[in-house]
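Just below is one structure, and these are the notes that go with it.
Throughout, numbering of the chain's residues begins at 1 and tracks the sequence. Because the structure is predicted, anything quoted here is derived from the model rather than measured.
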Amino acid sequence: SADTVSTVSNETMAANVLAGKRTFYFAGNDTFGDNEMSLEGYISCASCHLDGGHDGRTWDFTQRGEGFRNTTDLRGRRGVGHGNVHWSGNFDEIQDFVLDIVNHFGGTGFLADGEVPNASLGASNAGRSVELDQMSAYLTSLGPDSIVQSPYRNFDGTLSADAQAGRTLFNQNDCASCHSPQTDFTDSRVGASPLLHDVGTIRTTSGDRLGGLLTGIDTPTLLGMWESAPYFHDGSAPSLEDVFVVAGGVTIQTELGSLSGGAVVPDFIEINQDSSAHGEYVSLRSSGQGFAIADVDGGAGGVGALEFRAWNASYGSSAADLSIQVNGNNYALQVPTVNPRHNLNWQAYRVEGVEFAAGTNNTVTVSSNNDTDVYIDEMTVSNNDDLSIATHRGVAGLTDAEQEQLLTYIRSLDGQDSSFEVIDLIFADGFE
């Protein structure tokens, strides 16, 4: 006969927190067959946020009126303890997730028959459903102790010498003006008017906010950065090192360009298998093939950058040797080979120091110099106007050793000693 064995003698969670965690993991129907969380029980909050963490993916929420959104880690945030939720700050309470449940999961949202969710940033959705309030209690319980201790710390949990040097650089470079240690390394705030910043990371694919213009991004916390790649709201920085290089701008689909030399746009897109919905792309399979994109906006003119999302699917070890020409100036780009049997091969490759003319009188031409099989999906143009507000790129002025120290400090931030960080910062500012 089967026996039930209890593995927990004393439950440490409060009853409403435990019930909220169960709701967070709940995907199916209740005993009456109602689709409370999702249609036919196909998804739960934990599907993307297992144990409150993140799935490391960037999702295309264009159909939601947003854009490309990198899944955030919920651990340490205390619900809305860090401020509004989402990169665009469009939810000011956890109960607002009833909008996702109803509008996108196909669930009833745990609401009574005939009831509909209130709009975000408007009338409160709290107090309308026991389950939603319990789920809020669970997420609010995820404080700093839910963040895994960083392996970049010393064994006893203290900051290493490199991390301490990085903290000095963090303060000297004014990083704390937005990522303040006093407020969980963010300046986010809760309410109908979140503090959004345009720091030169917004792209065409960043989409909208609440049906209107996306004017900025809510400042993310730096706690737990060591295990929360990719970075930025759209996942455009695969690593922390890339954070100091990547910038926003206008993203152009390459298949809209003029093809030459036998370049083609394949009539199938299943090769584009990286959980994104980028659609068509240009295939360059031999020397002399290429494409040109006209009317590129150079802003006020000056030095900018180009970023290409590409994949060299050639067998062997030959890198794709590409020539990039902008208004008569030539630039080189190499796309290394990767194992074509893997599906996650699309990578971003950047060309810095590109000279643009003012206005839209710019043409970018891309051509292959060797017989490799390279696919190019999209091109992001960061003109000088875009780079001028991308203040994070200023870190590139540090030496390699200083950049590594700064990164070590950021990777060490895990919320385990935030109070000590604040005290040390006050002393460093001369307020002893």
Side-chain angles (χ1 to χ4, degrees), residues 203 236 238-239 241-242 245-247 249-274 276 278-298 301-357 360-384 387:
R203 301 183 175 197
S236 55
S239 69
E241 287 82 359
D242 293 315
V245 177
V246 170
V250 176
T251 299
I252 302 171
Q253 300 302 318
T254 56
E255 67 270 12
L256 300 179
S258 300
L259 306 184
S260 61
V264 298
V265 176
D267 57 3
F268 57 89
I269 62 171
E270 63 264 24
I271 201 77
N272 202 4
Q273 299 174 23
D274 67 342
S276 62
H278 296 258
E280 297 176 315
Y281 55 91
V282 174
S283 172
L284 309 179
R285 292 197 164 190
S286 61
S287 178
Q289 295 184 346
F291 60 89
I293 298 177
D295 303 324
V296 172
D297 188 0
V303 177
L306 293 171
E307 181 182 291
F308 297 91
R309 185 172 179 274
W311 172 16
N312 182 350
S314 300
Y315 289 89
S317 59
S318 296
D321 182 17
L322 303 177
S323 289
I324 316 297
Q325 187 177 79
V326 182
N327 304 327
N329 295 318
N330 293 305
Y331 308 91
L333 176 64
Q334 287 197 330
V335 179
T337 57
V338 290
N339 188 336
R341 287 180 290 278
H342 292 172
N343 290 332
L344 307 180
N345 296 323
W346 294 93
Q347 302 290 333
Y349 301 93
R350 294 182 63 80
V351 180
E352 299 283 349
V354 178
E355 289 282 350
F356 290 108
T360 58
N361 300 316
N362 295 275
T363 298
V364 177
T365 301
V366 179
S367 58
S368 176
N369 295 324
N370 57 352
D371 296 335
T372 55
D373 194 5
V374 61
Y375 308 141
I376 304 178
D377 183 25
E378 61 190 22
M379 175 181 76
T380 297
V381 180
S382 303
N383 59 37
N384 189 260
L387 299 187

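No side-chain heavy atom of Leu333 sits less than 4.5 Å from a side-chain heavy atom of Leu306. Put simply, the side chain of Asn384 does not reach to within 4.5 Å of the side chain of Phe356, judged on heavy atoms. Side-chain contact between Gln253 and Asp377 is present, with heavy atoms from C-beta onward closer than 4.5 Å. Contact of the Arg285 side chain with the Tyr375 side chain is registered, since non-hydrogen atoms from C-beta on lie closer than 4.5 Å.
Counting all heavy atoms, side chain and backbone alike, Val245 lies closest to Glu352 at CG1-OE2, 3.6 Å. Residue Asn327 comes nearest to Asn361 through the heavy atom pair OD1-O, 3.7 Å, listed as atom of the first residue, atom of the second, then distance. Closest heavy-atom contact between Ser236 and Pro238: O-CD, 3.4 Å. Closest approach of Val374 to Ala320, counting heavy atoms only: CB-CB, 3.9 Å. Looking at every heavy atom in both residues, Ser283 comes nearest to Gln289 through O-OE1, 3.9 Å. The two residues Asp297 and Asn383 come nearest to each other via the heavy atoms O-ND2, 3.4 Å.
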Exercise for review: Start with the C-alpha distance between Glu378 and Arg203, add both sets of side-chain angles, then the distance that settles salt bridge (Lys or Arg N to Asp or Glu O under 4.0 Å), and finish with yes or no.
Suggested key: CA-CA 12 Å; Glu378 61 190 22; Arg203 301 183 175 197; 5.5 Å; no
Exercise for review: Carefully, step by step, assess Leu322 and Tyr349 under the rule side chain to side chain contact (heavy atoms under 4.5 Å, CB included).
Suggested key: CA-CA 11 Å; Leu322 303 177; Tyr349 301 93; over 6 Å; no
Review point. Do Ser323 and Asn369 pass the side chain to side chain donor-acceptor pair (under 3.5 Å) test, and can you show the C-alpha distance, the side-chain angles, and the key distance before you say yes or no?
Key: CA-CA 7 Å; Ser323 289; Asn369 295 324; 2.7 Å; yes
Review point. Run the side chain to side chain contact (heavy atoms under 4.5 Å, CB included) check on Val335 and Phe308 step by step: do they pass?
Key: CA-CA 10 Å; Val335 179; Phe308 297 91; over 6 Å; no
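A donor-acceptor pair is defined here as one N or O able to donate and one able to accept, closer than 3.5 Å; such a pair exists between the side chain of Asn312 and the backbone of Ser318. With hydrogens and angles ignored, the 3.5 Å screen pairs a side-chain donor or acceptor of Thr254 with a backbone N or O of Ile376. Using a distance-only test at 3.5 Å, with no hydrogens or angles considered, a donor-acceptor pair links the side chain of Asn370 to the main chain of Ala319.
Looking at residues two or more places apart in sequence or on another chain, you find a side-chain contact (heavy atoms from CB on, under 4.5 Å) between Ile293 and Ile252, Phe291, Val296, Met379. A search for side-chain contact (heavy atoms from CB on, under 4.5 Å) contacts involving Ser239 returns Glu241, Asp242, not counting sequence neighbours. Residues satisfying the side-chain contact (heavy atoms from CB on, under 4.5 Å) criterion with Gln325, sequence neighbours excluded, are Asn330, Thr365.
Separating the CD1 atom in Ile324 from the CG atom in Asn329 is a distance of 13.0 Å, to the nearest 0.5 Å.
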